[in-house]
Amino acid sequence: MDQYGVFGNPIAHSKSPDIHHFFAKSTLQSLTYSKLLGDVDTFELQVKEFFREGGKGLNVTVPFKERAFNLCDVVSPRAKQAGAVNTLLVGKNGQIFGDNTDGVGMVRDICENHGQSLTGKRVLVLGAGGAVRGVLEPLRNESPKEIVIANRTLSKAQVLAEHFSQEAISVIASEFDQVTGEFDVIINGTSASLSGDLPPLPESVIHSDTWCYDMMYAKEPTVFLKWAYELGAKGSDGLGMLVEQAAEAFFLWRMKRPDTDSLINKMRADLE
Ligand code: ATR
């Protein structure tokens, strides 16, 4: 049976095996997918060993996405922009190919599952770490009017703004409390939700049609989503992003596009 897996550290909490086994069943693919505890000293050797033993594909999660990028022989353009990969596959010649499906997964969740167009919109992105870097290229491809990146550490937002700014789409860096004007879409890519913190944004960023997205998900709305809902905005957490990035990886490996709606609904119900 074809072998797949996900490397991370920690990895016990990963839902990826359940997701990929669900996809395999629904598309009649015969495969196994395991959780693999990455070793911070020998991660690269572990990956090479996995492929040497005949493994077909890997996902990579925290904290190895940048290291995975560096070990690839070839990377996709979107992975190059992200500077990180979450999906690896091996060619017939043994070359390791890396891709990043996080951004396309998020955009697909926002645009297709939630029906929110980003084209021509003012988009505010919170955070300037790896998670945000990973989604900026697919986000920019939707042709928003403007992207503002707000971060606690301004210099990190400035680096990203400079890297992703284009003639057609301005990408601007800001501190949280300096963000001005109303936004159509606000995406939280900080890990502040994990510690229950709320980025100190002015309430004026939200208007009655603002749509808010948190890349994190939990049973209860995150502090960011609670704040947005109280101000009258609508939105979603990132459960669908998790499923969509996996679906894109599954497509790269198996050339089959699994249905994601039923799995998102099932996982949502399981959270309750
Ligand atoms: P990830 O891979 O999740 O992006 P990361 O690269 O460590 O992890 O980035 C974490 C992001 O969350 C950063 O933008 C970080 O802000 P700084 O660049 O100023 O460190 C942001 N972040 C983490 N905790 C936060 C908090 N309590 N309030 C606001 N932003 C926070």
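Note that ligands are numbered from 1 as they come in the structure, with each ligand's atoms numbered from 1 the same way. Quick caveat: nothing in here was measured; it's all calculated off a predicted structure.
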Open item on the list: Keeping Thr210 on the side-chain end and Phe183 on the backbone end, is there a donor-acceptor pair under 3.5 Å?
Closed with: yes
Task: Residue and atom name of the nearest protein heavy atom (relative to atom 22 (N) of ligand 1), distance in Å to one decimal - done: Arg152 NH2, 3.9 Å
Open item on the list: So, regarding Gly130 and ligand 1 (criterion: nitrogen or oxygen to nitrogen or oxygen, under 3.5 Å), is there a contact or not?
Closed with: yes
Open item on the list: Can you confirm whether some protein heavy atom lies under 4.0 Å from atom 20 (O) of ligand 1, or whether none does?
Closed with: yes
Task: Proximity to ligand 1 by part of Lys156, non-hydrogen separation under 4.0 Å - done: side chain
- [ ] Consider every N or O of Ala128 and every N or O of ligand 1, then say whether any pair is closer than 3.5 Å.
- [x] yes
Open item on the list: If the cut-off is 4.0 Å to any non-hydrogen atom of Gly127, which atoms of ligand 1 fall inside it?
Closed with: 14 (O)
- [ ] Please indicate whether any nitrogen or oxygen in Ala131 is less than 3.5 Å from any nitrogen or oxygen in ligand 1.
- [x] yes
Open item on the list: Tell me if the centroids of the rings in Phe7 and Phe64 come within less than 6.0 Å of each other.
Closed with: no
- [ ] Using a 4.0 Å heavy-atom threshold (strictly under), name the region of Ser191 that reaches ligand 1: side chain, backbone, both or neither.
- [x] both
TODO: Have a look at Cys212 and tell me which of Leu231, Leu126, Val205, Ile206 forms a side chain to side chain contact (heavy atoms under 4.5 Å, CB included) with it.
DONE: Ile206
Open item on the list: One thing to verify: whether Lys65 and Asp102 come together as a salt bridge, which I'm taking to mean a side-chain N less than 4.0 angstrom from a carboxylate O.
Closed with: yes
Task: Closest heavy-atom pair and its distance - Lys35, Ile11 - done: CD-O, 3.5 Å
Open item on the list: Applying salt bridge (charged side-chain N to carboxylate O under 4.0 Å, His left out) to Lys121 and Asp209, what does each step give before you reach the verdict?
Closed with: CA-CA 12 Å; Lys121 301 290 173 69; Asp209 285 334; over 6 Å; no
Open item on the list: Under a 3.5 Å threshold, yes or no: a donor from one side chain and an acceptor from the other, between Thr222 and Asp214?
Closed with: yes
Open item on the list: I'd like to check whether Thr190 has a polar contact with ligand 1, where a contact means an N/O of the residue lying under 3.5 Å from an N/O of the ligand.
Closed with: no
Task: Numbered atoms of ligand 1 (with element) below 4.0 Å of Asp197, judged on heavy atoms - done: 27 (N)
- [ ] Report the part of Asn151 in contact with ligand 1, treating N, CA, C, O as backbone and CB onward as side chain, heavy atoms under 4.0 Å; options are side chain, backbone, both, neither.
- [x] side chain
